[in-house]
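Sequence positions, counted from 1, serve as the residue numbers for this chain.
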Amino acid sequence: MSGELQPVSGVIDGARHLFPVRVYYEDTDLSGIVYHANYLKYAERARSDLLRLLGVDQRAAQEAGEGHYAVAEAHIHFRAPARLDDSLTVQTRVAEMGAASVRLVQRVARGSDVLADLTIRVGFVGPNGRPRRQPEAWRAAFESFAGKETA
């Protein structure tokens, strides 16, 4: 085999990002269903992948002392449980843009079955933890993504 294996990545499909997730034993609770907090982890992985695909380098910005995104609000509506070995998709869309924040809507689904709907607002914060305007290039990347029509 040539080359190094790369982690699983999502794909941008018009104005939505699709990110695949497999449910592992460690994701489940005593009853055999996905523990509720893991939906937040799945959504975070999808958001991180979306940022990478949009060219947003949070690590470089943090290391340069500019700041990073932090979750300011999270709302989850659970609809149905996921179980061991399920193949899930996290869909992410931009709902609203602000000077210092982005509100995203995320959906976790198993095929056509919706398992959870999330609304997440991330704010850009400086090294001191206080909100500040997000970098213009990042804002432009989100606006370009949000403006695409789904095929």
Residues 101-109 side chain polar contacts: donor-acceptor under 3.5 Å, at least two apart:
from: R103; atom 1: NE; to: E96; atom 2: OE1; distance (Å): 3.2
from: R103; atom 1: NH1; to: E73; atom 2: OE1; distance (Å): 3.1
from: Q106; atom 1: OE1; to: R47; atom 2: NH1; distance (Å): 2.8
from: Q106; atom 1: NE2; to: A43; atom 2: O; distance (Å): 3.1
from: Q106; atom 1: NE2; to: T92; atom 2: OG1; distance (Å): 2.9
from: R107; atom 1: NE; to: D117; atom 2: OD1; distance (Å): 2.7
from: R107; atom 1: NH2; to: D117; atom 2: OD1; distance (Å): 3.1
from: R107; atom 1: NH2; to: D117; atom 2: OD2; distance (Å): 3.2

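- Put simply, the side chain of L18 does not reach to within 4.5 Å of the side chain of I12, judged on heavy atoms.
- Checked by atom type and distance alone, the side chain of D57 pairs as donor or acceptor with a backbone atom of A60 at under 3.5 Å.
- Atom CZ of R52 is separated from atom CD of Q58 by 13.0 Å, given to the nearest 0.5 angstrom.
- L51 places a side-chain heavy atom less than 4.5 Å from the side chain of Y69.
- Here the side chain of R93 pairs no donor or acceptor atom with the backbone of H17 at under 3.5 angstrom.
- Note that the NE2 atom of H75 and the CD1 atom of I120 stand 9.5 Å from one another [nearest 0.5 Å].
- Looking at heavy atoms from C-beta onward, F124 lies in side-chain contact with P135 at the 4.5 angstrom threshold.
- Formation of a donor-acceptor pair under 3.5 Å by the R45 side chain with backbone atoms of L40 is not found in this model.
- Listed for the R110 side chain is a donor-acceptor partner under 3.5 Å among the backbone atoms of P81.
- A side-chain N or O of H68 and one of Q62 form a donor-acceptor pair less than 3.5 Å apart.
- Remark: T89 OG1 to R16 CZ distance equals 9.0 Å, nearest 0.5 Å.
- With hydrogens and angles disregarded, a donor-acceptor distance shorter than 3.5 Å links the side chain of N38 to the backbone of D27.
- The shortest distance between side-chain heavy atoms of R22 and D85 falls below 4.5 Å.
- The nearest pair of heavy atoms linking R133 to A99 is NH1-CB, 3.0 Å.
- Evaluation of the ring pair (Phe, Tyr, Trp, His ring centres under 6.0 Å) test over residues 77-108, restricted to residues two or more places apart or in two chains, returns Y39-F78.
- With hydrogens and angles ignored, the 3.5 Å screen pairs no side-chain donor or acceptor of D86 with any backbone N or O of L88.
- Taking hydrophobic clusters as Ile, Leu, Val, Met, Phe, Trp and Tyr residues chained together by side-chain heavy-atom distances below 4.5 Å, L118 does not share a cluster with Y35.
- I76 and V114 end up in different hydrophobic clusters when Ile, Leu, Val, Met, Phe, Trp and Tyr side chains are linked at under 4.5 Å.
- Of all the heavy atoms in V125 and A70, the pair that sits closest is CG2-CB, 4.2 Å.
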Could you list the donor-acceptor pairs under 3.5 angstrom formed by side chains in residues 137-145, with sequence neighbours left out?
from: R139; atom 1: NE; to: E143; atom 2: OE2; distance (Å): 3.4
from: R139; atom 1: NH1; to: G98; atom 2: O; distance (Å): 2.4
from: R139; atom 1: NH2; to: E143; atom 2: OE2; distance (Å): 3.4

